[in-house]
Structure formats: C-alpha cells, structure tokens
Amino acid sequence: MLSRIAEGLFWLGRYLERADDTARILDVEVHQMLEDASSGEHLAAGALLSVMGVEAKTGERLELANVTASLAFDRSQASSIVSSLIAARENASTIRETISSELWECLNATYVALDQRAATARAIGPHAFFRFARFVKERVALAAGIADGTMPRDDTWLFLILGQSVERADMTARLLSVRLSLPPGTGDWVTTLRCCSAHEAYLRTYRAAVEPARVIEFLLLDRLFPRSAYHALATAERCCAELDGEQRRLGTGDEALRILGRARADLEYRQIGERLDELAPLLETLQAVCSQASAAVASRFFHREGTQPWHSEGLGFDLPGRAGGGGTS
Amino acid sequence: MTELFEGYAWEAAWDEMFGAPGKPRLPNRGLYATLRTLTPADLDERCAERDRSFRDRGITFSLSGEERPFPLDPIPRVLSAAEWSQIEDGVRQRVRALEALLADLYGAGQVLADGILPRQVVTSAEHFRRAAWGLEPPNGVRIHVAGIDLVRDRHGRFCVLEDNVRIPSGVSYVLENRRTITRIFPELLASHHIRPVSDYPAKLLAALRAARPLNAGSEPNVVVLTPGVHNSAYFEHSFLARQMGVELVEGRDLFCRNNQLFMRTTGGRERVDVVYRRVDDDFLDPVQFNSSSLLGCPGIVNAARSGNVTLANAIGNGVADDKLVYTYLPELIDYYLGERPVLPNVPTYRLEDREQLEAAMVRIDELVMKPVAGSGGTGLVIGPQASDDELATAERSVRDDPRGWIAQEMVTLSTAPTRVGGKLEARHIDLRPFAINDGRTIWVLPGGLTRVALRRGSLVVNSSQGGGSKDTWVLAADARRDAAGDKPPSGAGNGCDRSRLGAALRLAPVGGPEPGPHLDGQQQQQQQQQQQQAPC
Amino acid sequence: MSWRIATSHVSRYRYASPVVASYNEARMTPSPGPEQLVLDSELRVEPSAVLFRYVDYWGTLVHAFDVHEPHDELVVTGTSVVETTPTAPSLAGEPGAPADPAAKPGTGPVAGSDDPGSWQQLRSTALRDRFSELLAPTSYAPFDAELAGAAGDLAAGADPAEAAERVVAFVHDHLRYEAGTTGVSTSGLEAWRLGTGVCQDFAHLALSMLRQLGIPARYTSGYLHPSAEASIGDRVPGASHAWIEAWVGRFVALDPTIGSAAGVRHVTVARGRDYADVTPLRGVYHGGEHVQLTVEVQLTRLA
C-alpha cells in the first residue's frame, strides 16, 4: 500500500475515534455540570480543557458554554469535535479510492450536515449539546459499522484499526484524568461509565455498586470490554504484529510493537489500589505510550521524505570561473 | 400536458430537440413524449433527488476554492446514430493527425522543413517543450486521451472549436451524469436504446497498459498522478483510479532512482510503469521545468526518456492544441493523412499576418477574440455582445500581442431545452467527445460531455463560468423504433437479461435465512402483563 | 592547422548539511561536430552514480544522474580530448535540420540572390522562420532601442558577415572585462549599462545586438586555451568560457571577449539561445541550504 494512504487511514481511524470520545467526554461533563451546579463550574471546566490539551483564553470566564464552544464547535481548535470530523473527512478524501464508497459517503454526509447541526446546538444551548453529541456518536458508529462491513481485512483495515485503537487508549486515559482531577466527593462515577457506554457491562461484570477504584479498574484493565485501555492496546498490538508480518524467536524488530506490547503487559498484570491519587503517573505514561507508538508507526511505514521542498541547483550558482574558480574567461 | 414547454422561445440557432415549434426532431421524439407527461412539480422532485445524490456522494468541482455539486441539467441531449457516426469519424481523424504532428515536431521536424507549418508558430507556442524532443513513447502514442470540443452552427453542422490533448478533463461527469439520469428517469432509459458509456475506465486502462515500457513485463503497474485533493478535478482523478482499480498517487508518493520510477509503500518501494498523469507539464519534474514544484517527481522526464516509464499523456502535447496551430489543422490533415477534414474548423484569423489582422480588426464587433493562452473561457471577447469600450481594449491587446490572440467567426451554438426556474428554456450547448488511443485503434466514447450555458443567450459553457452539463445520449443504430416512442420490446430492460437471471435464481438453495430463537406468544403476553403491573 | 587539447573540468558543490537526494543534469562534456573531433570524453560523479546520456534539443550531450547516498560534497568531473579545427561550426543545435539546408524547399536561397549570406536572404520569410528561435529576444539577451541603434550604425554599409564582426569588435571595445561586477543572472543589457562584465555578459550583449539586426545568433559555451603559443604537454589553468555563433549564410564562431573569431583554441561544449540553455549543472536536491561551488578547469595542448 502507498505510505501516504496508510498514513491517511491511520489518521482517519484516529480522528473518528477522537470525535467520538470527545463527544462522550463532553456529554458526561456537561451533564455533570448542569446537574450539580455546586461542583464548581470553572474548576471542572479548567480540568477538562487542560486534559484535552486546550489552553484557556486568558481573561475569559470558564463556563460551560465557553468550554463546549471550544471543545465541540471551534474550527480553529484542532482538538474540537468539529475539527476532528473535518480532519477525518479530509483524510478520507485523500484516500477516497482506497476506502469503500459507502464509507466515504457516510463521512461526507456527516460533514455536510455538520455546520447546521453545530449551529443549532450552539443556538439552543447546553441541552441541545446532548443531541449534537448523540449525532456525533451515531455518525461515528455508522462509519465504523460501514467500515466493518465493507472493507477487506488487508493492510487497509489494519492501519484504520491501529489508528482507532491507539486513539482510544489515549482518550480513555484522558477521560480518567478528567475524572480524577475533579475535587473528591464531587461528581458521579456512573456518568463516567456511561460515557464509555460501560455502565451495563460494569454492572454485569461486578454485580455490585459503582465504586471509583473498580470503575478505574474496569476502564483500564478489563480484558473483554472493547473500550478499556487494555483492550485498545492489545488490539493495536495485534495490528502491528500483523503488519510486521515476521515471526521472530526473540523480541521484535518493530518499535511500535515493542512499545505497545510492553504497555499492554504492564496493564495486564497490574493491580489497581484504593489510592486514586497514585494513578496520575500511570495515566500520563499511557498517553506517552500512545504518542510514541504513533511516532514509531509513522517512521516505519509513512516515509515522509516526499514532502520536503526541493532546492534548485544550476542558475542559483554563480558561473564557474567567477566563484573562485581558476582564471578568467 | 405540455406545461414544461410553455413559452419555449427560439433563438436564431439550431435547436437540438425541435425542428419547428412543437415538432421534435426524430431522435428526440421519445424524450419529448415522456417530458410532455411531466409537470414542473414532477421535474422538481426528480431534481431534488439528483441534488441529494450528488451532494452525498461528493460529486463536486471546486470553484474559487468552494466545493459545489456539479450542475447537471435533467434533460438529456440526444444524438442519432448517423450524427454520431460523423462525429466519431471526425474525432478519430483529428486524433490521428495530431498524433502524427506531435511525432514529427518532437522528432524529424519534416512538417517544418516542408514549410507546411511555420517553425515560429511551434517554437512560440506556450506549451512547446524542448525537453520532450527525442522522447519516443513505447507504442508511439502521445495522445492517450483526447477531448475535442465541438459546436453546432445554425445549420446543424458540427465544427471543431478546440482540441484538448494535454489533460482533457470532464469524462467522470459523463459517467456520473448517466448514472444519475438513469436513477431519476428510469422510464426514459428503458424506452431508449442508448449506447453505454461505462466502458470508458476499462478502455482507458487497456490503453495505458498497452503503452507500457518495453521492459515492463505483462502486468505493468499503472497509476494515476494527481496534484492532490485541492485540485479542482480531484474528484475525477479519484474516480478514474477507483474505476480502473489502480493506485491514485501524488508527487510525494513517487521517487526516481537511476531513471526508474518507484512509489513509496508500507512494504518498501514498488516499481511504476505507466503514469496517467493529471499534473501539468510545468509541475511534473522540477529538474526540467518549474524547479519549485512539489507536485511532481524529479527525474521522471528522464525516466520516460530512457524508456523505463510511460507518461500519459506525453509531455509537450500542448503544442498540438495551441490555438494558432489549430488554424493549420485542415492543412495538416491533408499533409499527414491525405484526407479532407470530416469536421471543419471554425473559420479563424491568424493575427500575426498583417493582412488578416487588419481584416479581422475591421469586423471585430462580429468576431470572437480569444487569448491563445487562455483556457476555460477566460479573457474571451464576444464581438456582438461587447461594449465599444471592451472592443477598443480588445483591439489594443490584440495589436500589442498578435501571437497571443486569435479571432474566430462567431458560431451561434445550438440550443437545447434546459431546466430554468422549473420550466424548460432554450440554452446554448457544446459537445466534448473523448477519445482513447491504445496504439491500434482510436476509440471514441459514445456520448461525451455536453456543456450548457445556463444564462439566457450566453455562449460561454465552461463550468468555471457558470455552465452546467447534460447527459449525452447516442442512440444505437437499431434504436429508431424505440426512440420514436413505441413500447420497448419485451425483455429489453437495462441490460438485465431476465431469462438468465431466472435460471440462476432457480439454482439457489431453497429456504430463507435461518431464524433465531424467538419468544412464543404466551411468553410475550406474560412479559407485557409484567410490565403493566410494575408501576404499582 | 588543428590542435589537440585535453580538458579537465572539476566542479565541487559543498553543502552545509548532508544532502540525502539529488537529481541533476550536467552539460560538461564536448559535443562532436565538424569544427571539433571528440577523441575521448568522460564524466565522473562522486559519490558514484549511474549516468544516463542523451542529446538535447540543441545538440548538447547531457549526462543525467541522481545521488541517494547522504553527502556533503558533490564532485562532478568532465574530461575530454578534442581535436579542434578552424572549420565553420555545424548546424548542430537545429533539431531536424537537414544536412544540406539548400537541398530542402523553404530553406534554400530565394530567387534573385545567389549569396546565402546577403541581407536579402536573411530577411526572407523562410529564413526568419527557420531561425526564429535564434532571432527572438530572451531574458538574458533582451531587445533595447539604444542597442538596436548602435547595432544599426555598425551595420551601415556592411554585409551580414562584416556586420557580425563589427558588432563583436564593438562589444569587445565597449565592455571592460572585470570579474565580480556582474552575476550569473545579469542580462547583456545590464552589463552594457554597467560597462563591465565577464564572458557570459559579452556573449549576451553581442546576441542582443545581432538579433536586432536580424542576424540569427546562438550562445556557445566551452573552454578557451589561454595561450596561442602553448607548448605541447604543458598543463595550464583555464576557465569555462562563452562566445557566440552567428548565421551569415553559414555559422561563424566569434568571441566578443577576445574580440575576434573563435578558432582552434576553443573547445565547444554546449549551444543554445542563451546561458539558460547551457547551464553546466542543473538540478534539485533535498538537504543542506548553503552551497559553495569551486570550479577548476585545466587545459593541456597535446598536439
């Protein structure tokens, strides 16, 4: 496959997942802030922005409306939902002949509807945001379903899923970071589970009340739940192993595979204690793993030499005989 | 009902549908009969369907950076088998002559030595490429794809307005237009015997494979080279790559090594044999042309020169579709082929010639002045429609740079019924047939792109100037009975042979999909009762 | 009498940081023709590269190569042994030109004049068309009313051959040779206004004036052996050089820098409309920005 196409697929996977996860995180947080006005709107809003890597504009009051505006609708904000969906569609359009036309049409139709949906949600206010979040989640799910049903399981598929999984592991870590940065005693862990569509699965697994440590355990370590960090890392690892395609007796020659495998193994044999504040470094490590893995995939498969500018020789030089060359002419 | 045609006004032009008011020409009878039964509301509904389909599938072109759905007029343009046969012959002849001309100009130069075509006309042409001199394509083909622009004068005669043998575009719209019209007017397609256009990608791929380098082996790697997603024709590039099942590459995906072209893949490098390139000469190779170009690939021209890769269309083809070289085509057809032109040129003045310049300037208000370097209808001055000021400015520009302009007799383009504000009105149209040369035969796509000027009275049909397009039907030679509005012979659906389909169905195993376990009636009742009890 | 000259032309391109990919075309080896016999010629590139040779539109031998090994210095060396004769140069550089121009219709002499070098012949439509590329202005050799006036005065009463000689002598007298006053992209007209220049400027200025007189003329690049009394076997430092060839019924090679006809001391490498057609090394590369070029030319008279 063309390196550029592989890169496009990888990022299509990442952007779609990012749009979905950002919508999920916002959905929960907006809900939380509306429901519990005492929880300190600006604290929560600040935590949210910082975890999403967005700098708050100085002098602007951190309110619900501002936060949703920049994380959901702001086109100039690279990590907003709208930007993610636009970037997903842009990536898809450069690889349009590789993905199925149904998938392209789904992404394009989403893009076409985006402006109006966003405008409506902004005009009506926070409660319309839920509808917008649902729209985003549904469209991403539709795209994922179409991809699943129409794309052959070749390298095309592997790069798409690799991107999606890396992003999912990263976003799950971010989601938990947001949750943990809220003052103790505030908020509701059920909504955290809900935002990963994990509430029912949690209940069926533990058959017990929702406890913070278990929620974290479930979202980080559960081996069967598809949105857990462990599951995402394991999926990404499998994709890399298949792309690598080589059987080795010892270790691996693929950097991304090594990074992902080690992180996956670390989660696989970890215990989550009761002290939640010890979790912050783990979550940071997880995010770092995702960005290292992403870089390793890029350097092995995406060969970006072609994008450098060319310098011109020839007329740019002085005539031989003038530039310190021998003699006269 | 003839509501749609109410107030259909004639201009002093050949109308494609009607020979006289209410009297459709023979090939149009079937179409007219169907349209008569439609109300404006019916047509609106079908157009809404068309818009939705185009928008969702992203069939757009960029106009000043904005993506717009390609404006397809719902009313097809119909050409009879006889009309088409003449166009086909004319286009083939044109392409043969242009191929011979290019081979000569980038080789022996016999036509120059024989004084048929002045050397100065060639060497001053904007797209004459000295780097292409001595570059011989493997199967001798330089014009793998041609688009010949035709117009129809008021006597119904087709003339050649312009040749496009560099990077003719628009063919994807021909295919998409047909697909869309089939969906919104299934009854029309069923009642006419129209020659299909869907063969085009297969024909193009065959021609590209036939052009492979001699050392390429029997399974050449063909790619489509696009400037990228922001190019106005990107949709077409992607469409063709997908339809041919080949890789769509950008310049940055390619690199040359020792005059061999490769693309970067996740599994390392892979050799490329044939490049259907949609990047202009100027941007193709920074070693030879624009050195700051990032759209091309350095070394690609010498890779072609050494016979390791084929560029389609060839470099430097633009000299053959130069507007001044165009004026020599009748002589060139005679010189190379010993034939008379099947399709005449539009009479054109060569303004570098003093006498012709003066003769043209005297009647500048009756002529069309075209800049030689312009494309897409930019810079055009239409004498009868221009103000005195505009004419004075045009005359000054022409006198300053006579090589930069040609003056053409004004051709009143033919008209065809076009949907405007819910009704049908006469609008001017042209035709761009596409031809593919595989080195053995020149195949002309039956149909081509009909472009329509959507403004009343306007003669400028380019999409960049607010033009639209029409699905173009070429009736099969045996289709007269169907077209005349008779019922279609039974079984003549859209290429779907029912008897064979039936046989296939009978072979299928009996029994529908396997049902899953389901609750029986009693269980359901209990569950419902359970729910009813719950609230207390 | 002919000379046999050995040439060696070494260009070193230095980059501030390693270049990882580089694509080039070198026009650095002599082209065969009636005025010179190329006995031996070779181009070498370091880091090593596979060379692809072809003859371009103007009849110049081109070596194309690409280098993918990271390097901070590229050395291109052209060497040759050439036997030069005082014969008029060939029609090389005219693509598709018939061996005997008079034998083809449309390019032979017009009726009423036997002398192919007369003004009448030069002004004929057929000839002006045939040489249209060598009569048109270029960015290096633009047209200018003042230059046209000067050229017109020189040509008064002279036939084309004599006029060409006078123009070349005029350029020699009116430009002072001074390295460093002009650059590689200076036009002949700019040099004329400055009053100084190097061989390239002398040639471009002469081209401007000749073409405005209606005398077809082309740019010629190569080497000039500095000494008319060279002793055999002595290796002397030389330089790249440029002169012109004018059509006066046949091509004559004239050197405005030395103010006389080019002869056995001149080794021809490339021809074109101006410097842009004969650039010794043209190409693009990825990598280090800053570039330093040193050129070393050595000439040895062998016989």
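When reading the values below, keep in mind they use all heavy atoms of this one structure, side chains included, and skip hydrogens, waters and symmetry mates. By convention in this document, chain letters (A, B, ...) are assigned in the order of the sequence lines, proteins followed by strands, and residues within each chain are numbered from 1.
In this structure, B/Arg399 places its CZ atom where more than 12 heavy-atom neighbours from other residues, nucleotides or ligands lie under 6.0 Å away. The environment of B/Glu331 atom CD is dense: over 12 non-hydrogen atoms of other residues, nucleotides or ligands sit within 6.0 angstrom. Dense packing is recorded around CD of B/Glu358, with more than 12 heavy atoms of other residues, nucleotides or ligands lying under 6.0 Å away.
Using a 4.5 Å cut-off between heavy atoms, C/Arg273 contacts chain B through its side chain alone, with no backbone atom that close. Using a 4.5 Å cut-off between heavy atoms, C/Asp56 touches chain B through its backbone atoms (N, CA, C, O) alone.
C/Tyr23 places no side-chain N or O within donor-acceptor distance of the main-chain N or O of B/Pro286, the cut-off being under 3.5 Å.
C/Glu133 and B/Gln120 are not linked by any side-chain donor-acceptor pair at a separation below 3.5 angstrom, with hydrogens and angles left out of the test.
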Requested in this report: Please assess C/Asn24 against B/Val287 for the test side chain to side chain contact (heavy atoms under 4.5 Å, CB included), listing each intermediate value before the final yes or no.
Outcome: CA-CA 7 Å; C/Asn24 305 282; B/Val287 178; over 6 Å; no

Report task. Go through the steps for B/Trp133 and C/Trp58 under the test side chain to side chain contact (heavy atoms under 4.5 Å, CB included), then give the verdict. Result -> CA-CA 10 Å; B/Trp133 184 79; C/Trp58 302 104; over 6 Å; no

Report task. Evaluate the side chain to side chain contact (heavy atoms under 4.5 Å, CB included) criterion for residues C/Asp66 and B/Arg257: first the C-alpha distance (whole Å), next the side-chain angles of each, then the deciding distance (0.1 Å), finally the verdict. Result -> CA-CA 7 Å; C/Asp66 45 81; B/Arg257 216 167 235 242; 4.2 Å; yes

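In this structure, B/Ser291 and C/Val284 approach most closely via the heavy-atom pair O-CG1, 4.1 Å. The minimum heavy-atom distance between C/Glu25 and B/Asn302, with the atom names listed, is OE2-ND2, 2.9 Å.
Between the SG atom of B/Cys256 and the NE2 atom of C/His68 there is a distance of 8.0 Å, given to the nearest 0.5 Å. A distance of 8.5 Å separates CG of B/Leu117 from CG of C/Asp129, quoted to the nearest 0.5 Å. Considering CG of B/Asn259 and CZ of C/Phe65, their distance stands at 12.0 Å, rounded to 0.5 Å. Remark: C/Phe52 CZ to B/Asn308 CG distance equals 8.5 Å, nearest 0.5 Å.
Comparing C/Ala136, C/Ser132, C/Ala49, C/Ala64 by heavy-atom pairs within less than 4.5 Å of chain B, the highest count is held by C/Ser132.
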